[in-house]
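The structure appears right after this line, and notes come after that.
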Amino acid sequence: MKKIILTILFAIFMLSAIVVPSLSQEWTVGVTVGDWFTYEGTLVLWQADEGVPFPPNEYALILEEYNQSDWFTYTVMDIVGSNVTFDVLTHWSNGTETASTLVDDMMSSFTMMVIGSNLEPGTQLREEFDWEPIIDFPMIWPPRSLNETTMVEYESGTREMNVLDWVHPGTFAYTRQIYHWDKEYGIQAYYQVESSATDFVSGGDYTYIAKFQLVDSSINALVIPEYPIGTVMLLVFIAITVTIDLYCRKTTKQ
């Protein structure tokens with residue numbers, strides 16, 4: 001039963017957008033038609049017991065995408081209200097390329113590629129969401145708001161970055177997501193996901209960390225020589241691994 005619930009949940013979560021109540025406030029779109037942004041996805045950590053498949057579930061398909069690709073270019077093709085339409089070109093490690101379309105509602109989508117420009121810390125990005133009507137299982141995600149604004153060194157100089165760092169209140173797994181958006185343009189510059197859970201088919205445990213970061217852009221001001229995560233994130237990864245291990249031990253005992 002747990003496996004079925006997780007499968008449905010992760011499949012829904014992979015949708016690029018979902019119909020949820022919109023926030024009442026008015027946001028300004030910072031990007032314009034023709035802007036393009038190139039990202040690299042990286043599987044930073046994968047640890048799993050023998051028998052655990054890769055990727056371990058539907059949501060974790062992004063791990064496979066990151067692991068088998070060189071880069072992704074998102075080009076803004078249309079903007080209607082809060083909806084920003086991207087043409088997405090994926091260049092795979094085997095030399096092939098595929099194209100797709102992403103319609104990202106900056107006030108309701110799961111992908112959160114773009115949010116409003118010049119938002120301040122404390123601004124609510126997403127309202128509370130109740131999963132039970134969809135998956136027939138009680139699970140409520142609380143409202144998500146910007147945690148802080150941090151300074152990042154770009155080639156053009158120091159710029160402000162809005163940050164969302166949150167842990168899913170899930171029942172069967174530990175999952176944390178970290179988002180960074182350029183404050184002026186509202187475009188995603190960095191995304192990190194880390195998770196630890198049990199595969200309900202094999203019974204084995206797994207842990208992963210993956211990141212998705214902006215490496216080039218038509219907006220010169222957004223070109224970052226090397227995203228300022230580096231050594232700091234290495235220490236964070238170590239701390240995360242220890243935390244996840246303790247979480248798994250505690251869950252197993254329970």
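Count residues from 1 along the sequence. Every heavy atom of this structure was used, including side-chain atoms; hydrogens, water molecules and symmetry mates were not.
- Remark: the backbone N or O of S109 is paired with a side-chain donor or acceptor of R126 at under 3.5 angstrom.
- Atom-to-atom distance recorded for I187:CD1 and S217:OG is 8.0 Å, nearest 0.5 angstrom.
- Using a 4.5 Å cut-off on side-chain heavy atoms (C-beta onward), D182 and N162 make no contact.
- What you find for L214 and D216 is that their closest heavy atoms are CD1-O, 3.3 Å.
- If you chain together hydrophobic residues whose side chains sit under 4.5 Å apart, L102 and I79 fall into the same group.
- By the criterion of side-chain heavy atoms lying less than 4.5 angstrom apart, applied directly or through intervening Ile, Leu, Val, Met, Phe, Trp or Tyr residues, M113 is not grouped with M77; the two fall into different hydrophobic clusters.
- Taking CG of D165 as the start and CD of E148 as the end, the distance is 8.5 Å to the nearest 0.5 Å.
- Residues D49 and S202 fail the side-chain proximity criterion, which asks for heavy atoms closer than 4.5 Å.
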With a cut-off of 3.5 Å and sequence neighbours excluded, list every side-chain donor-acceptor pair involving residues 32-42.
residue	atom	partner	partner atom	Å
T32	OG1	D35	OD1	3.3
T32	OG1	D35	OD2	3.1
D35	OD2	T32	N	2.8
T38	OG1	T73	OG1	2.9
Y39	OH	Q188	O	2.7

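- We find the OG1-CG distance between T101 and D78 to be 11.0 Å, quoted to the nearest 0.5 Å.
- Between the side chain of S117 and the backbone N or O of V29, no donor-acceptor pair lies under 3.5 Å.
- For the ring-ring contact (aromatic ring centres under 6.0 Å, His included) with F212, the lone residue among F72, Y179, Y191 that qualifies is F72.
- Under a 3.5 Å cut-off, the side chain of S69 and the backbone N or O of W71 do not form any donor-acceptor pair.
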Side-chain donor-acceptor pairs of residues 82-92 under 3.5 Å, sequence neighbours excluded:
residue	atom	partner	partner atom	Å
S82	OG	D105	OD1	2.8
H91	ND1	E97	OE2	2.9
W92	NE1	T98	OG1	3.0

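- Remark: the E153 side chain and the T158 side chain contain an N/O donor-acceptor pair separated by less than 3.5 Å.
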Does N147 form a side chain to side chain contact (heavy atoms under 4.5 Å, CB included) with L164? I'd like the steps, not just the answer. CA-CA 5 Å; N147 301 99; L164 170 64; 3.8 Å; yes
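- Separation of atoms CD1 (I62) and CG (L43) is listed at 9.5 Å; rounding is to 0.5 Å.
- Considering only heavy atoms from C-beta on, Q47 stays 4.5 Å or farther from Y206 through its side chain.
- With a 4.5 Å cut-off on side-chain heavy atoms, V163 and W181 do not count as touching.
- W46 contributes no side-chain N or O that, together with a main-chain N or O of I209, makes up a donor-acceptor pair within less than 3.5 Å.
- Residues in residues 109-123 take part in these salt bridge (charged side-chain N to carboxylate O under 4.0 Å, His left out) pairs, two or more places apart or across chains: E120-K183.
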